[in-house]
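Each chain gets a letter, A, B and so on, in the order its sequence line appears, and its residues count up from 1.
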2 protein chains.
Amino acid sequence: MMIDKFLNFIATRIALTDTDIALCKKYFEPVLLPKNRILEEEGKVPKYLYYIVSGYLRLFHYNKNGDEVTTHINCPPGFFTSYSNFINETKSDENVECITECELLRITKNDLDEITSKSSSIKDFSIFVFQQSLTYNEKRSRELGTLSAEQRYRKLMEEHPDILYNVPISYIASFLGMKAESLSRIRRKMTS
Amino acid sequence: MMIDKFLNFIATRIALTDTDIALCKKYFEPVLLPKNRILEEEGKVPKYLYYIVSGYLRLFHYNKNGDEVTTHINCPPGFFTSYSNFINETKSDENVECITECELLRITKNDLDEITSKSSSIKDFSIFVFQQSLTYNEKRSRELGTLSAEQRYRKLMEEHPDILYNVPISYIASFLGMKAESLSRIRRKMTS
DNA sequence: CCCATTAACTAACAAAAGTCAAGTAGATTC
DNA sequence: GAATCTACTTGACTTTTGTTAGTTAATGGG
């Protein structure tokens, strides 16, 4: 069951009481979604925070030239959403899309507020999740600011080789802040 | 008084009781620090979260070539620290330095935990502060990934012209993810 | 006041990344 | 199984950014 995997994941971080488990089972909704399904749309307040049980998700938008720009990619075990817009209930300028078929557990902001107010350990866990996102974004902005395109690709290869096998190269290039042609060249250079 | 400016700032966000005000006055320590003073050091757990009353701060480290890399710059009104390391009490790989003389209010992690446990409105405010940092870093990583060097400089000019007059160009270039020479060229091109 | 130091700018050249256009290979469809 | 479509690659060329080194201007200390 999806929810059990999720509870195991939480349990690696905090101690769960039976009440906590019941709350999670009640409020986190398991969904199975097909490849390319859009979960959240540009211009709208993100409805859900997602926990990824299986599959790959991305955040993307269209720039002024109408080209797609992928700004985030994530995979299990982890959470996904346009965090700042989800938290503040503001309109997002990004779409959330399934890159592959995905098993997800989702929860609305209202329901999250509800369970975090009912359980202080769930609240602690939710704060932990947002801190993880903060840490991740600090790391990402540092890497984009200081590493070359090739170094960024090498780092992704080391830290997330699975992404290379499950996500289109064009999304990866955009995510790494370069053009698909540049990534193609870097990949050829590295194999030869 | 520094602390009054701080309380006014908080009051724009949350309603403060007399108890909250007393707690802040008791635990936030006002300090006046000279230009170039190092407040937190690479390799150590950051001691304080800082509120900036006046002046400019930066976060920087040395890369493998021994060159300084400035990763963040901030100014009033705002908080400053190596967030993820401060929160998790982990060793930071960044230094915090005063770029100019600074009036700051600082608080340790222990004291912050103490006042957030005593006052739920201060807790809400502290969560808000960390969310701001999350929002900021999402924005920053997106800009570094998608904008050209010139676009990044133009955006800084629009959004924080004051930084240009108070921070050395070399720090700004590094902060924008480019070499000082590149920024120099961009600036000349824009004025001619 | 002079010297030493540093920050910022310049110029010439090299390397990296973007652009445009075409080609290939693998799937998909009819 | 031919035709189509899509993702990815390639190559030639342009633009942007980095590199190195030299110059100038401002700054601070003795």
Side-chain angles (χ1 to χ4, degrees), chain A residues 34-36 56 58 60 62-71 73 97-101 142-157 161 163-192, chain B residues 34-38 56 58 60 62-70 73 97-101 141-157 161 163-192:
Chain A
K35 185 173 170 172
N36 297 330
Y56 289 80
R58 69 167 178 148
F60 78 96
Y62 298 94
N63 65 15
K64 44 239 104 130
N65 306 329
D67 300 327
E68 276 187 11
V69 181
T70 297
T71 54
I73 293 175
E97 185 190 37
C98 296
I99 298 175
T100 61
E101 182 178 82
R142 180 198 299 206
E143 290 176 3
L144 285 167
T146 62
L147 303 180
S148 68
E150 180 171 339
Q151 289 173 318
R152 297 195 300 268
Y153 178 67
R154 284 184 186 277
K155 215 148 202 285
L156 186 69
M157 276 181 78
I163 288 184
L164 303 179
Y165 301 110
N166 291 285
V167 177
I169 294 293
S170 55
Y171 296 176
I172 294 174
S174 174
F175 174 61
L176 294 175
M178 68 185 93
K179 298 291 157 182
E181 294 92 331
S182 298
L183 180 51
S184 211
R185 233 173 325 172
I186 287 168
R187 282 157 60 86
R188 178 167 42 124
K189 195 182 119 199
M190 285 176 58
T191 59
S192 67
Chain B
K35 186 172 168 173
N36 298 329
R37 171 66 53 84
I38 302 287
Y56 289 79
R58 69 168 179 148
F60 78 96
Y62 298 94
N63 65 15
K64 42 238 105 126
N65 305 330
D67 299 326
E68 277 187 10
V69 180
T70 297
I73 294 175
E97 186 190 35
C98 296
I99 297 175
T100 61
E101 182 179 82
S141 59
R142 180 199 297 205
E143 290 177 3
L144 285 166
T146 61
L147 303 182
S148 68
E150 180 172 339
Q151 290 172 317
R152 297 194 301 270
Y153 178 67
R154 284 184 185 277
K155 217 152 200 288
L156 186 69
M157 277 181 78
I163 288 185
L164 304 180
Y165 301 111
N166 291 285
V167 177
I169 294 293
S170 56
Y171 297 175
I172 294 174
S174 174
F175 173 63
L176 293 176
M178 70 184 91
K179 298 291 159 183
E181 295 88 336
S182 298
L183 181 51
S184 211
R185 221 176 346 207
I186 287 167
R187 283 157 59 85
R188 178 166 41 122
K189 194 181 120 200
M190 284 175 59
T191 57
S192 66

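Residue B/L183 is the one, among A/E181 and B/L183, whose nearest nucleotide of DNA chain C lies closer to the 5' end (criterion: closest heavy atom). Heavy-atom distances to DNA chain C give each of B/A180 and A/I186 a nearest nucleotide, and the one nearer the 5′ end belongs to B/A180. Comparing B/M178 and B/K35, the nucleotide of DNA chain D nearest to each residue sits closer to the 5' end for B/M178.
The heavy-atom pair separating A/P168 from A/I99 by the smallest distance is CD-CG2, 3.7 Å. Of all the heavy atoms in B/T70 and B/Y171, the pair that sits closest is CB-O, 3.8 Å. Minimum interatomic distance between A/V167 and A/I172 (heavy atoms only, all atoms of both residues): O-CD1, 3.5 Å.
Here the range on DNA chain D touched by chain A, meaning any atom under 4.0 Å from one of its heavy atoms, is D/dC8 to D/dG11. For DNA chain C, the contact window with chain A, defined by any atom under 4.0 Å from a protein heavy atom, covers C/dA17 to C/dC20 in 5' to 3' order.
Residues B/Y153 and B/L147 have side chains not in contact (no heavy-atom distance under 4.5 Å, counting atoms from C-beta outward). Annotation: side chain of A/K155 is not in contact with side chain of A/R152 (no heavy-atom distance under 4.5 Å). Between A/L156 and A/L176, some side-chain heavy-atom pair lies under the 4.5 Å cut-off. Contact annotation: the side chain of A/R187 approaches that of A/L183 to within less than 4.5 Å [non-hydrogen atoms, C-beta and beyond].
Comment: B/E150 engages B/R154 in a salt bridge, judged by a side-chain N to carboxylate O separation of less than 4.0 angstrom.
Interface residues of residues 166-176 of chain A facing DNA chain C, ordered by number: none; criterion, heavy-atom separation under 4.0 Å.
With rounding to the nearest 0.5 Å, the separation of CD in A/E68 from OG in A/S174 is 8.0 Å.
When the local axes at the two ends of the helix from C/dC1-D/dG30 to C/dC30-D/dG1 are compared, using 5 base pairs at each end, they differ in direction by 40° after rounding to 10°.
Partners of A/E97 by salt bridge (charged side-chain N to carboxylate O under 4.0 Å, His left out), not counting sequence neighbours, listed by chain and number: A/R58. Under the side-chain hydrogen bond (donor to acceptor under 3.5 Å, both in side chains) criterion, B/K179 pairs with no residue at all, not counting sequence neighbours.
Of the possible donor and acceptor atoms, none in the side chain of B/S170 sits under 3.5 Å from a partner among the backbone N and O of B/A180. Of the possible donor and acceptor atoms, none in the side chain of A/N65 sits under 3.5 Å from a partner among the backbone N and O of A/D67.
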